[in-house]
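When a residue number appears, it is its place in the shown sequence, counting from 1. This one's a predicted model, so the numbers in the text were calculated from it and none came from an experiment.
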Amino acid sequence: MLAPRYVASRSLLYVAALPSAWFGVTYLGHAFAGNGWAAAYHERLAGVAYAALPPPLATLYATLVGVIGSLFLAIGIGQVVLATGLGRSHRPDTGWWALAALNVVGLGGLILVNLRNGLASPWWMNSIVLGVVLTGLLLARHPVEVPSCAP
């Protein structure tokens, strides 16, 4: 039986994996359909309708959206796989550090890129997901043992 903190941790990490997986599937769908901007803010940021893009630029955009979609989906699936191991492994720190690296680098970088594009970007949504992930990781972290001063 898992400790309640691991159950809560996993639950938060599973919930945080959903947006990544959803964006992955959505972006991949748009990449293969080639039918427009993958997210509403893309057109606002570009200042031009997708149909007005020259064919080489539309192809480049579809390729980049497909790559981003693949990475989003991989992060979502990887997070579920890694979170499932929390609290069960002989070396729980390995999965914990992998989840921390995956999310801090992935979501942290995404937040910075989005902020570079302005406050109208979805930086806030990614920040919420990162906050949920960090809360889940804190719940799964082993307490630090403080040495006793008693003789």
Side-chain angles (χ1 to χ4, degrees), residues 1-48 50 60-150:
M1 181 88 174
L2 282 176
R5 68 187 179 103
Y6 285 117
V7 173
S9 173
R10 283 185 188 179
S11 298
L12 288 171
L13 292 166
Y14 292 154
V15 167
L18 291 175
S20 293
W22 183 79
F23 277 110
V25 170
T26 300
Y27 275 43
L28 280 171
H30 278 280
F32 285 105
N35 60 357
W37 297 107
Y41 91 98
H42 292 181
E43 185 171 357
R44 284 194 315 266
L45 184 64
V48 63
Y50 182 79
L60 177 63
Y61 171 78
T63 300
L64 291 174
V65 164
V67 168
I68 292 167
S70 296
L71 293 174
F72 265 128
L73 188 55
I75 286 172
I77 291 169
Q79 186 157 318
V80 167
V81 170
L82 288 168
T84 300
L86 288 178
R88 291 189 180 167
S89 152
H90 295 289
R91 294 197 47 176
D93 284 350
T94 306
W96 191 95
W97 282 107
L99 282 162
L102 178 72
N103 285 283
V104 169
V105 172
L107 290 170
L110 187 58
I111 291 165
L112 292 175
V113 167
N114 281 328
L115 281 172
R116 185 198 66 197
N117 293 332
L119 295 178
S121 70
W123 67 269
W124 56 272
M125 180 176 51
N126 298 311
S127 297
I128 291 169
V129 173
L130 184 56
V132 170
V133 166
L134 293 176
T135 302
L137 287 173
L138 287 173
L139 285 170
R141 191 74 180 142
H142 290 291
V144 176
E145 291 187 27
V146 179
S148 173
C149 294

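- Every residue was checked against the side-chain hydrogen bond (donor to acceptor under 3.5 Å, both in side chains) condition with Asn126, not counting sequence neighbours, and none meets it.
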### side chain to side chain contact (heavy atoms under 4.5 Å, CB included) between Gln79 and Leu99, intermediate numbers included
CA-CA 7 Å; Gln79 186 157 318; Leu99 282 162; 3.7 Å; yes
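- Residues Ala17 and Gly76 approach most closely at CB-O, 3.5 Å, considering heavy atoms.
- Distance alone, capped at 3.5 Å, is enough to place a donor-acceptor pair between the Arg5 side chain and the Arg141 backbone.
- For the side chain to side chain contact (heavy atoms under 4.5 Å, CB included) criterion with Leu13, the lone passing option out of Thr135, Leu86, Val132 is Leu86.
- A distance of 12.0 Å separates CD1 in Ile128 from CG in Leu107, rounded to the nearest 0.5 Å.
- Contact between Ala98 and Leu82 at its shortest, heavy atoms only, is CB-CD1, 3.8 Å.
- In this structure Phe32 satisfies the side chain to side chain contact (heavy atoms under 4.5 Å, CB included) test together with Leu28, sequence neighbours excluded.
- In this structure, the separation between CD1 on Ile111 and CH2 on Trp123 is 8.5 Å, given to the nearest 0.5 Å.
- Considering only heavy atoms from C-beta on, Leu110 comes within 4.5 Å of Phe72 through its side chain.
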### Task
Test Leu12 against Val133 for side chain to side chain contact (heavy atoms under 4.5 Å, CB included), laying out the working first.
CA-CA 7 Å; Leu12 288 171; Val133 166; over 6 Å; no
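- In this structure, the side chains of Phe23 and Met125 come closer than 4.5 Å at one or more pairs of heavy atoms.
- Residue Ser11 holds its OG atom at 10.0 Å from CG of Leu139, rounded to the nearest 0.5 Å.
- Side-chain N/O atoms of Tyr14 and Thr84 include a donor and acceptor closer than 3.5 Å.
- A donor-acceptor pair is defined here as one N or O able to donate and one able to accept, closer than 3.5 Å; such a pair exists between the side chain of Ser9 and the backbone of Gly136.
- The two residues Thr26 and Ala38 have their closest heavy-atom pair at CG2-O, 4.3 Å.
- You'll find the side chain of Leu137 stays beyond 4.5 Å of the side chain of Asn103, heavy atoms only.
- For Tyr61, the side-chain hydrogen bond (donor to acceptor under 3.5 Å, both in side chains) criterion is met by His42, not counting sequence neighbours.
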